[in-house]
Amino acid sequence: MRLVRFLAGDRVRYGVLEGDTVRELLRPYFENVVPMRSEHRLADVRLLAPARPSKMLCIGLNYRDHAREMQKPLPDEPVLFLKPATALAGPGEPIVCPKAAGRVDYEAELAVVIRRRCRSVAPEDADRAILGYACFNDVTARDLQAKDGQWTRAKGFDTFGVLGPWIETAPGDPNRLAVACRLNGAVKQRSSTDQLVFNCQYLVSWASRIMTLEAGDVIATGTPAGVGPMKPGDAVEVEVEGIGVLASPVAAEPERGAKPRAIL
Ligand code: MG
């Protein structure tokens, strides 16, 4: 099932995507999925990020091939960092390259979306805490990441957490999905979640022993080898097998600096 958040008229709504038809839901899908009669054509709505996470938990160095590429040893525990809720961007929304950032990289990732508030979830119960899976682009200001020594600024700019285009509740085995990134149509990253050092269920369990996870929170599971820079005017796509394609244009920060934006 493909779960979508969308804008129709000026109202944010939740729905289920069936082919080119969005069937609207009575309430957000985190508790249960109750379809209404009203339907929309996909072409008539604007898809939004399929959740409004209170936080985005991101895992670094979680692919064997990426750790080799970065010449880093495999971690013995997940490497965790957070993106603020304000970093969220939806499908088709421009990724804004800040003037001060220097090099800005794509990172194609599989994201886990949490179904309900939970804490200290056992690994064998993790699937029940998961609503589904989405594509994620963990946009990173690579120069600042090296300069700062920690990652809050490099990973935390507005639009640096791209989520979508929907939540797929049954993509197949989440730990065996092909993950790819294309920049202007050229394949830059191609791997599989079978390269994950710590798999999806382990990460949900492990993270939930650190902090309470809320409905809609996202765990981005890390990126494979092949990361590289983007520039304004580029088009970047993250594709995860069994889910779909998350496409974003890349834009420059306006001359007078980015304005506060409404996050829908
Ligand atoms: Mg990453």
Side-chain angles (χ1 to χ4, degrees), residues 49 51 53 55-75 77-89 95-98 101-114 133-164 174-175 177-183 187-200 202-204 206-207 210 217-230 234 236-240 243 246 248 250:
K55 53 194 171 296
M56 293 179 259
L57 292 82
C58 302
I59 309 299
L61 283 180
N62 198 28
Y63 275 75
R64 294 184 185 90
D65 56 1
H66 182 51
R68 269 197 302 276
E69 169 185 61
M70 305 297 265
Q71 300 182 321
K72 297 255 171 86
L74 292 183
E77 276 200 298
V79 176
L80 176 67
F81 62 95
L82 290 174
K83 281 184 194 265
T86 44
L88 186 71
I95 294 166
V96 177
C97 295
R103 174 174 158 172
V104 174
D105 280 11
Y106 50 80
E107 292 191 0
E109 308 200 0
L110 169 69
V112 175
V113 183
I114 297 299
Y133 299 84
C135 306
F136 192 80
N137 195 339
D138 170 19
V139 181
T140 303
R142 196 67 72 196
D143 296 337
L144 297 182
Q145 184 183 28
K147 181 181 180 189
D148 289 356
Q150 48 83 13
W151 302 355
T152 303
R153 179 165 67 148
K155 301 278 195 176
F157 284 100
D158 287 5
T159 74
F160 274 26
V162 193
L163 181 70
N175 301 309
L177 300 176
V179 176
C181 182
R182 288 184 293 273
L183 187 69
V187 176
K188 298 293 186 179
Q189 294 183 280
R190 187 193 292 272
S191 189
S192 166
T193 56
D194 68 8
Q195 289 284 306
L196 288 175
V197 180
F198 303 102
N199 74 21
C200 297
Y202 183 91
L203 290 172
V204 168
W206 181 84
I210 303 166
D217 279 356
V218 162
I219 302 177
T221 55
T223 201
V227 299
M230 308 178 286
D234 285 346
V236 65
E237 292 179 328
V238 173
E239 180 165 14
V240 179
I243 300 174
L246 173 63
S248 313
V250 182

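One-based numbering, in listed order, for ligands and for the atoms of each.
Using a 4.0 Å cut-off between charged side-chain N and carboxylate O, K55 and D217 make a salt bridge.
Excluding waters, the set of protein N/O/S atoms under 2.8 Å from the Mg ion (ligand 1) reads E107 OE1, E109 OE2, D138 OD2.
The two atoms that bring V96 and F160 nearest to each other are O-CE1, 3.4 Å, heavy atoms only. The two residues T159 and V162 have their closest heavy-atom pair at O-CG2, 3.7 Å.
Contacts of Y106 classified as ring-ring contact (aromatic ring centres under 6.0 Å, His included), with partners at least two apart in sequence or in another chain: none. For the side-chain hydrogen bond (donor to acceptor under 3.5 Å, both in side chains) test, residues two or more places apart in sequence or in another chain that qualify with T152 are Q150. In this structure T221 satisfies the side-chain hydrogen bond (donor to acceptor under 3.5 Å, both in side chains) test with no other residue, sequence neighbours excluded.
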